[in-house]
Amino acid sequence: MPELPEVETTRRGIETHLINATIKEIIVRNPRLRWPIPVDLSELAANQVILSIRRRAKYLLIELANGTILIHLGMSGSLRVLTEAYPAEKHDHVDLVLSNGTRLRYRDPRRFGAWLWLTGNPLLHPHLASLGPEPLGEQFSPAYLASKLVNKHTAIKQLIMDNHIVVGVGNIYASESLFRARIDPQRSGHSLDSSDISNLVEQIKLTLSEAIAAGGSTLRDYVDSDGKAGYFMINSYVYGRTGQACRICSTPINTIRQGQRATFYCPQCQH
DNA sequence: GTTATTTCCTGTTGGC
DNA sequence: TGCCAACAGGAAATAA
């Protein structure tokens with residue numbers, strides 16, 4: 001399931017193939033994603049030069065002179081670059097075709113993703129305007145997080161997954177970061193002291209940075225790959241390790257549900 | 001304003 | 001072997 005590191009790795013992987021290229025057409029085989037793909041997407045984008053490929057939270061932004069294509073991978077989406085003909089398979093819903101024949105192919109079995117057309121400043125679009133800061137940016141600091149935790153009785157796990165507070169921390173990295181910071185995911189936001197908060201901010205940044213670095217080395221090939229492009233997983237401390245021994249203290253890892261989501265933690269290490 | 005719940009979708013897994 | 005329920009999950013939409 002693509003989290004921020006996967007999206008950033010994807011951005012880097014496709015950027016070199018798309019930047020400054022001209023779009024010939026966009027072939028939509030199935031428009032039924034999270035929202036319908038605009039019927040006129042292809043004619044809007046045709047003959048436009050790709051100026052940049054940026055990322056905001058888990059959204060990818062393909063910027064053209066007359067607008068922006070916004071892509072979200074949902075939870076099962078992936079993008080590949082094809083430099084030669086390759087038959088589309090069942091869940092290959094979209095091809096963005098360049099004038100040189102190269103294709104950006106979108107696959108998404110669960111169709112939780114999105115392809116939308118934005119005009120004007122994409123960062124002001126309703127989907128992006130109310131998002132919190134990027135976790136790897138300077139704006140996401142201990143002082144900032146502390147300001148967001150005042151009077152918050154919600155569990156810290158759910159707070160760091162709230163896009164209004166900080167973006168890009170999904171279910172996997174929320175559990176991992178809290179383990180690495182030795183913080184019990186069930187603690188309420190306001191119960192964290194400044195030391196906890198500094199530690200948590202640092203571990204979120206480190207965990208995500210390491211995953212991006214790992215993704216760059218393990219998934220460098222986004223060209224003509226055989227369909228597995230997109231996902232990778234860090235060697236987790238707690239995620240998915242229910243009942244297995246904690247890598248630090250050997251206590252069995254525990255699972256609970258918070259807000260309909262699985263949370264994994266070590267009851268011995270995390271307080 | 002804040003917080004909790006529901007919804008979107010389908011491939012995979014486990015129980016019977 | 002087949003059937004079916006449960007599960008996974010980001011984030012918008014809706015409810016409380």
Side-chain angles (χ1 to χ4, degrees), chain A residues 1-11 28-38 55-61 70-79 89-94 106-116 118 122-135 145 147-178 185-191 204 208 211 227-234 236 238-243 253 255-264:
Chain A
M1 41 234 81
E3 295 221 24
L4 184 139
E6 285 89 338
V7 178
E8 177 60 22
T9 301
T10 296
R11 190 195 69 75
V28 178
R29 299 185 194 81
N30 185 351
R32 297 185 309 138
L33 301 183
R34 183 174 224 286
W35 304 285
I37 299 176
R55 179 187 60 75
R56 175 72 174 104
K58 295 176 184 173
Y59 294 95
L60 289 169
L61 303 169
L70 175 144
I71 300 173
H72 197 289
L73 300 178
M75 64 174 291
S76 63
S78 62
L79 289 167
E89 295 181 22
K90 184 177 177 184
H91 301 298
D92 293 341
H93 304 311
V94 184
Y106 177 73
R107 173 175 298 182
D108 187 359
R110 275 170 245 186
R111 309 210 315 270
F112 267 33
W115 279 61
L116 295 177
L118 311 186
L123 299 183
L124 299 182
H125 186 274
H127 286 343
L128 305 182
S130 62
L131 293 174
E134 290 288 327
L145 182 59
S147 74
K148 291 293 178 181
L149 299 186
V150 174
N151 291 333
K152 290 289 185 183
H153 288 253
T154 306
I156 186 63
K157 158 80 160 18
Q158 291 165 273
L159 292 171
I160 60 175
M161 289 179 67
D162 183 342
N163 275 338
H164 299 99
I165 295 177
V166 60
V167 301
V169 182
N171 203 39
I172 297 172
Y173 293 102
S175 283
E176 290 297 309
S177 299
L178 284 163
Q186 300 167 101
R187 283 177 60 187
S188 62
H190 77 277
S191 77
I204 288 172
L208 292 172
K228 285 295 286 179
Y231 308 155
F232 55 94
M233 174 68 176
I234 56 171
S236 70
V238 290
Y239 186 82
R241 298 192 69 244
T242 308
I253 298 302
T255 317
I256 56 174
R257 294 195 78 79
Q258 294 181 291
Q260 320 291 63
R261 292 281 125 83
T263 298
F264 301 86

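Naming convention: chains lettered A, B, ... in sequence-line order (proteins, then strands); numbering from 1 in each chain.
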Inset, instruction - For residues V238(A) and S175(A), report the shortest heavy-atom separation together with the two atoms involved. - result: CG2-O, 3.7 Å

Legend entry - Nearest-Å distance for atom pair CG/C1', residues L128(A) and dA12(C): 13 Å

Inset, instruction - Round to the nearest Å and state the distance from L116(A) atom CG to dA12(C) atom C1'. - result: 12 Å

Legend entry - N or O in side chain of H91(A) less than 4.0 angstrom from dG11(B) OP1/OP2: yes

Inset, instruction - Give one of base, sugar-phosphate or nothing for R32(A), where a contact means two heavy atoms less than 4.0 Å apart. - result: nothing

Legend entry - Nearest-angstrom distance from the residue atom CZ of F112(A) to P of dC7(C): 16 Å

Legend entry - salt_bridge(E134(A), R56(A)) N-O dist < 4.0 Å: yes

Inset, instruction - Provide, to the nearest angstrom, the distance between the CE atom belonging to M161(A) and the P atom belonging to dT5(B). - result: 15 Å

Inset, instruction - Would you mind reading off the distance between Q158(A) atom CD and dT3(B) atom P, rounded to a whole angstrom? - result: 11 Å

Legend entry - Side chain T154(A), main chain L159(A), donor-acceptor under 3.5 Å: no

Legend entry - Which nucleotide in dG10(C), dA8(C), dA12(C) has an atom nearest any side-chain atom of W35(A): dA12(C)

Inset, instruction - Report the distance from atom CG of N163(A) to atom P of dT3(B), rounded to the nearest whole Å. - result: 15 Å

Legend entry - Presence of T154(A) side-chain N/O under 4.0 Å of dA4(B) phosphate oxygens OP1/OP2: yes

Inset, instruction - For R34(A), answer base if it contacts any base atom (sugar-phosphate contacts may also be present), sugar-phosphate if it contacts only those atoms, and nothing otherwise; contact means non-hydrogen atoms under 4.0 Å. - result: base

Inset, instruction - Would you check if the side chain of E3(A) reaches a backbone N or O of I172(A) as a donor-acceptor pair within less than 3.5 Å? - result: yes

Inset, instruction - Take the angle between the ring planes of H127(A) and Y59(A) and call it parallel below 30°, perpendicular above 60°, tilted in between. - result: parallel

Inset, instruction - Using only side-chain N and O atoms of R257(A), determine if any of them is under 4.0 Å from OP1 or OP2 of dA8(C). - result: yes

Legend entry - d(NZ, K90(A); P, dC9(B)) in whole Å: 15 Å

Legend entry - Side-chain N,O (Y59(A)) to OP1/OP2 (dA12(C)) below 4.0 Å: yes

Inset, instruction - Nearest whole angstrom, please: distance from the P of dC9(B) to the NE2 of H93(A). - result: 12 Å

Inset, instruction - Report yes if a donor N or O on one partner sits less than 3.5 Å from an acceptor N or O on the other, where the partners are the side chain of R110(A) and the base of dA8(C); otherwise report no. - result: yes

Inset, instruction - Would you mind telling me which of dG10(C), dT6(B), dT2(B) lies closest to the side-chain atoms of Q260(A)? - result: dT6(B)

Inset, instruction - Report the residue (L159(A) or R261(A)) whose heavy-atom-nearest nucleotide on DNA chain B is the more 5′ of the two. - result: L159(A)

